[in-house]
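Just so it is clear, the values below take in all heavy atoms, side chains as well, and ignore hydrogens, waters and symmetry mates.
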Amino acid sequence: MAFVDHTAIAGVSAATGQPALPPLARTIWPPLRRVLLALALPAAILLLWQLTVARQWVSPQILPAPALVLGTFLELAHSGELGAGLLISLQRIASGLAIGGVLGLALGVWLGVSQRACTYLEPTLRALFAVPTLGWIPILILIFGIEETLKIIVISKAVLVPVVMSTSRGIRNIPMAYIEAARVLRLRRWTYLTRLTLPASLPIVFSGFRLGLSHAFIALIVVEMLAATEGIGYMMVWGRTLFQLDIVVVGIVVVGVVGYALDVALRRLEQSLSRWLPDHG
C-alpha cells in the first residue's frame, strides 16, 4: 500500500507545521525576505526623520524635510552637478585605492614572509600608522599645495594602512601544517605565493581592502572639504556655506550608497577569487 503524505496534500510542511509554499514562492521568498529586512532600518530612520520634521522637534534650517532633500537631489542630478562631482570623487577614490592597495599589498606580503623586515620595519611603520591620515594634511599641503597630488596621497595613505596590517596578519596566520607541507614539497617561490600564501590569506586581505575603502571615503570627504574646488566633499561644504543643509544631506546619502555599492563589489570579487584560487578551508 502506497504511503500518502496528507500534510503535503493539505499544503502543510510536515517539518514545521507551517503552510507549504509553492515552488516559485520558495525561490523568490528568501532573497526578497533579506531585502525587506535590510530595508527595515532605513525605512524606520526615514519615518523618524519625517516625524521629527513634521513635529518640528528640530528646526527645518538644521534638518530639512525628506521631500526637500529628494527635490534637491533630483535638481542636482538633472543639472549634472551631482554626476560631475561624483565622477571626480570616484576618480580620486580609484587612484588612491590602486596606489595604496598595491603598495599596501606588497608591503604587507613583505612583512608577512620576512621576519627580518618585520623586525626592522614594523615598529616604525606602526608608529607612522598611528598618526591619523588627517594629521598629515597640514604638512602635505605645505609640500604639495592643494593640487590633485595632495588628494591622491591622502587617500592612498588611508588605504595603505589597513591593507598592510591585514595582509601581514593574514600571511602570519597561515596554519603551520600548510607551511610544513609546502617545505616538504619544495614549492618554488611563485608557486608558494600563488598556491598557498594568497589563497590562505585572501579573506583577511580583502577585509583590509574593504576597511581601506571606508577609510578612503573618510579621507576623500575631508580633503575635498579642506582643499578642493570640485567633488562631492566640496559640494557638501558649499551647501554648508550657503546654509543649504539639504545639499549636505544629499552628499551624505550619495556617499553612503556609493560606498555600500563598492563594498558589495569587493565582496563579489572576493567570492569570485575564492572560487578561482585553491581552497584551503
If I take atom [atom1] from residue [X] and atom [atom2] from residue [Y], how far apart are they, to the nearest 0.5 angstrom?
X    : Y    : atom1 : atom2 : value
L90  : L220 : CG    : CG    : 8.5 Å
R267 : F206 : CZ    : CZ    : 12.5 Å
S168 : I204 : OG    : CD1   : 10.0 Å
L46  : L41  : CG    : CG    : 11.0 Å
L32  : L36  : CG    : CG    : 4.5 Å
I171 : L111 : CD1   : CG    : 9.0 Å

[Y] and [X], any side-chain heavy atoms less than 4.5 Å apart:
X    : Y    : value
L76  : M235 : yes
I179 : Y192 : yes
L63  : W57  : no
W49  : V69  : yes
V58  : V53  : no
L160 : F129 : yes
Y234 : I88  : no
L245 : V248 : yes

Transitive ILVMFWY side-chain link [X] to [Y], under 4.5 Å:
X    : Y    : result
V109 : L211 : no
V253 : W238 : yes
V222 : V237 : no
V257 : L70  : yes
I137 : I139 : yes

Does [X] use its side chain to pair, donor to acceptor, with the backbone of [Y] at less than 3.5 Å?
X    : Y    : value
Q50  : A65  : no
K157 : P132 : no
D263 : G259 : no
T191 : L187 : no
S89  : I232 : yes

Residue pair L48, I45: steps toward the side chain to side chain contact (heavy atoms under 4.5 Å, CB included) verdict: CA-CA 5 Å; L48 179 62; I45 293 174; 5.7 Å; no
For [X], does the [atom1] atom sit with more than 12 other heavy atoms under 6.0 Å from it, leaving out its own atoms?
X    : atom1 : result
L68  : CG    : yes
F73  : CZ    : no
I143 : CD1   : yes

Could you tell me whether R172 and E122 have a side-chain N and a carboxylate O separated by less than 4.0 Å?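 Yes, R172 and E122 are salt-bridged.
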Which heavy atom of [X] sits nearest a heavy atom of [Y], and at what distance?
X    : Y    : answer
L150 : A227 : CD2-CB, 3.9 Å
C118 : P123 : O-CD, 3.7 Å
E270 : P203 : OE2-CA, 3.4 Å
I155 : G96  : CG2-CA, 3.8 Å
G231 : R92  : CA-NH1, 4.3 Å
G100 : V159 : C-CG1, 3.9 Å

Applying side-chain hydrogen bond (donor to acceptor under 3.5 Å, both in side chains), run through Q61 and S59 and close with a yes or a no. CA-CA 5 Å; Q61 283 75 29; S59 169; 2.7 Å; yes
Using the rule given for side chain to side chain contact (heavy atoms under 4.5 Å, CB included), can you reason through L269 versus F209, listing the C-alpha separation, both sets of side-chain angles and the distance that settles it, and then say yes or no? CA-CA 11 Å; L269 179 60; F209 270 94; over 6 Å; no
Take L128 and W136 through the test side chain to side chain contact (heavy atoms under 4.5 Å, CB included) and record every step on the way to the result. CA-CA 10 Å; L128 292 175; W136 292 96; 4.1 Å; yes
Of all pairs that satisfy side-chain hydrogen bond (donor to acceptor under 3.5 Å, both in side chains), the ones with a partner from residues 65-78, not counting sequence neighbours: T72-D246
Step-by-step side chain to side chain contact (heavy atoms under 4.5 Å, CB included) determination, L107 to L125: CA-CA 10 Å; L107 192 54; L125 289 176; 3.9 Å; yes
